[in-house]
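Report on the structure given below.
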There are 2 protein chains.
Amino acid sequence: MDERTNLINELIVDIYNDIMKIEGEAFRTGQFKDVSITEVHTIEAIGMFELKSMSEVARTLRITVGTLTVATNNLVKKGYAQRYRSESDRRVVKLGLTKKGRLIFRMHSKFHAELVKSMTQILTDDEIDILEKALSSLNVFLKNKYFSEKSE
Amino acid sequence: MDERTNLINELIVDIYNDIMKIEGEAFRTGQFKDVSITEVHTIEAIGMFELKSMSEVARTLRITVGTLTVATNNLVKKGYAQRYRSESDRRVVKLGLTKKGRLIFRMHSKFHAELVKSMTQILTDDEIDILEKALSSLNVFLKNKYFSEKSE
DNA sequence: CTTAAATACTTTGATAATCAAAGTATATAT
DNA sequence: ATATATACTTTGATTATCAAAGTATTTAAG
């Protein structure tokens, strides 16, 4: 691994650790002390707009549906999310956010927007394209890795 | 949030989730079934070269020393790490990797090198500089955010 | 139509990672 | 010599996670 690769690698590791910690603390110390970072990510995966089924949300988060059931129980209890039965297929549970849940969603979006802005504000438009290209390429690489392992 | 910001944001979230899952499974399904991704990160933080104190490793990982004590107990039990007493200050515990621990370290480094390579191989040298600039800027932003919250 | 198989979710029991607070041993300062 | 600070460990509680078993509903097969 050459020096430059190494530097980029160290940046990624450091950024990864920092994001984990900052996200966790932002909520624990703020207005919404009762919501963990994992719960915020679940709220993010449920989304603001259409209702999503348990299976869909679990797939997005790459967790089992059983884990999501437990998480959903807590989110419902705390008043961030709601369960709905699908009319067309009564086995299916649809999830949606409450007003309080949508507030968390917006706060978290803002944090993410800040992250992106901190990177892009020092770059020109052309440079932003390059950043996007690099991230896309990483994403494709990871998807191949993930799905080839699971032979899907 | 404009469309471009949004796309970069979605890429980051998706990459983040994928890395978490892939890292976890790479070890769980491979040769070293008894080591979790958190343990791999601890091994990474201990490092290949000089010994590191408990406090140093905990600070790198942004976890409490108590949590690290528990983690270290397990790593020692499984034969990945070793505890040493500092001669100069007998309160201090130094951590180092065993042969088996260093093997994990190298495997994990390889995974990270692949990540970086997947991004950089489609970029020119100048473009890699831009990527590095963007990541550095994000890193600085996160550090400011982290340390200003803790008022250090 | 009835039954079997598949699907969508929930429940349960076990394990890992985490923190805060209390405890132990050693070092430093008064 | 004693008090305070530091470095670590232990303990008790909480959260996130999975696999496996269980429930309800739908789809397929006979």
Side-chain angles (χ1 to χ4, degrees), chain A residues 17 20-25 27-29 32-46 51-78 80-95 150, chain B residues 17 20-25 27-29 32-46 51-78 80-95 150:
Chain A
N17 284 333
M20 297 245 272
K21 292 302 152 185
I22 292 171
E23 285 200 320
E25 280 179 32
F27 287 92
R28 226 181 302 124
T29 61
F32 296 96
K33 291 186 215 312
D34 66 339
V35 64
S36 70
I37 184 54
T38 309
E39 288 175 323
V40 173
H41 285 155
T42 307
I43 287 169
E44 186 181 47
I46 294 172
L51 303 179
K52 302 251 174 74
S53 72
M54 294 289 293
S55 305
E56 284 169 340
V57 173
R59 204 177 318 121
T60 305
L61 296 170
R62 268 63 108 185
I63 58 177
T64 64
V65 183
T67 299
L68 182 60
T69 295
V70 178
T72 301
N73 291 344
N74 291 322
L75 285 178
V76 170
K77 204 183 299 162
K78 293 177 186 171
Y80 293 105
Q82 258 182 291
R83 276 192 170 93
Y84 305 89
R85 274 284 157 190
S86 162
E87 283 306 313
S88 56
D89 182 341
R90 304 193 17 77
R91 291 169 305 180
V92 172
V93 170
K94 293 281 189 177
L95 298 177
K150 310 207 113 184
Chain B
N17 283 333
M20 296 243 272
K21 293 301 154 182
I22 292 172
E23 285 199 320
E25 282 182 28
F27 287 93
R28 227 180 303 124
T29 62
F32 295 97
K33 291 187 216 310
D34 66 339
V35 65
S36 71
I37 185 54
T38 310
E39 289 176 321
V40 173
H41 286 155
T42 308
I43 287 169
E44 186 181 46
I46 294 172
L51 301 180
K52 302 252 175 70
S53 74
M54 293 291 292
S55 304
E56 285 169 339
V57 173
R59 202 176 320 120
T60 304
L61 295 171
R62 276 47 118 187
I63 60 177
T64 63
V65 183
T67 299
L68 183 60
T69 297
V70 177
T72 301
N73 291 344
N74 291 322
L75 285 178
V76 169
K77 205 184 301 163
K78 294 178 187 173
Y80 293 105
Q82 257 181 291
R83 275 190 171 91
Y84 305 88
R85 274 285 156 189
S86 160
E87 283 307 313
S88 55
D89 183 342
R90 305 198 11 80
R91 292 169 304 179
V92 173
V93 170
K94 294 280 189 178
L95 298 178
K150 310 211 113 183

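We name chains A, B, ... by the order of the sequence lines, and we start the count at 1 in each one. For clarity, every value in this text was computed on a predicted model and none was experimentally measured.
- Checked against side chain to side chain donor-acceptor pair (under 3.5 Å), B:Arg91 has the following partners two or more places apart in sequence or in another chain: B:Asp89.
- Checked against A:Leu51 for a side-chain contact (heavy atoms from CB on, under 4.5 Å), the options A:Lys94, A:Glu56, A:Gln82, A:Arg83 give a single hit: A:Lys94.
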Next item on the list: Go along nucleotides 5-18 of chain C 5' to 3' and tag each nucleotide: B for a protein heavy atom under 4.0 Å from its base, S when only backbone or sugar atoms are that close, - otherwise.
Entry: --BSSBB-----SS
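- Nearest heavy atoms, B:Ala58 versus B:Leu68: N-CD2, 3.6 Å.
- Judged as a salt bridge (Lys or Arg N to Asp or Glu O under 4.0 Å), the pairs with a partner in residues 64-78 of chain B (not counting sequence neighbours) are, in order, B:Glu39-B:Lys78.
- One can place NZ of A:Lys33 at 18 Å from P of C:dC19, the figure rounded to the nearest angstrom.
- For B:Ser55 and B:Ser53, the side-chain atoms include no donor-acceptor pair closer than 3.5 Å.
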